[in-house]
Amino acid sequence: MTNHPHGQSPVAEGDVVAHLGRLLAEMLELEPELIDPDLPLSAYGIDSMTSTRLTEVLERRYEVSLRPGLLFDRPSIAEVAQEVVALLAPAPGTAAG
């Protein structure tokens, strides 16, 4: 596992937002620019099947274990991205190098 200086995540929050936005747009057959990362996911009619699929894709891509129901608990793509980045950040006190 790679150490990251200053407790920073190896993945930028904006990258996760963009990736999740593209995935959601693809699943809903929308243009990616129509996805607002700050809009509640419920506005897009996310059901449990779509939520589960998005969660699985995120877990595989970022090698994290997300808690069940995350996409229902977090109302926007931006907040889901914050959760993913927080999971990727090294624990406080972890020495780099």
Find the distance between [atom1] ([X]) and [atom2] ([Y]) and round it off to the nearest 0.5 Å.
X: Gln82; Y: Leu87; atom1: CD; atom2: CG; value: 12.0 Å
X: Leu58; Y: Glu83; atom1: CG; atom2: CD; value: 11.0 Å
X: Glu79; Y: Ile77; atom1: CD; atom2: CD1; value: 11.0 Å
X: Ser51; Y: Glu56; atom1: OG; atom2: CD; value: 9.5 Å
X: Leu41; Y: Leu24; atom1: CG; atom2: CG; value: 6.5 Å
X: Ile46; Y: Thr52; atom1: CD1; atom2: OG1; value: 11.0 Å

query: Heavy-atom distance under 4.5 Å between the side chains of Leu20 and Ile35, does that happen here?
result: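 With C-beta onward as the side chain, the pair stays apart.
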- prompt: Is there a side-chain contact between Arg53 and Leu23, using heavy atoms and a 4.5 Å cut-off?
  reply: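 They are not in contact (no side-chain heavy atoms under 4.5 Å apart), so the answer is no.
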Shortest non-hydrogen contact between [X] and [Y], atoms and distance:
X: Asp36; Y: Tyr44; answer: N-OH, 2.7 Å
X: Tyr62; Y: Val11; answer: CE2-CG1, 3.7 Å
X: Asp38; Y: Ala78; answer: OD1-CB, 3.6 Å
X: Ser76; Y: Pro37; answer: CB-O, 3.3 Å

- request: Report the C-alpha distance between Arg67 and Leu70 in whole Å, list the side-chain angles of each, state the deciding distance to 0.1 Å, and finish with yes or no for side chain to side chain contact (heavy atoms under 4.5 Å, CB included).
  value: CA-CA 6 Å; Arg67 59 188 168 74; Leu70 172 66; 3.7 Å; yes
message: Can a donor-acceptor pair be found, under 3.5 Å and without considering hydrogens, that links the side chain of Glu59 to the backbone of Leu66?
response: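 Yes; judged by distance alone, with no hydrogens or angles, the pair exists.
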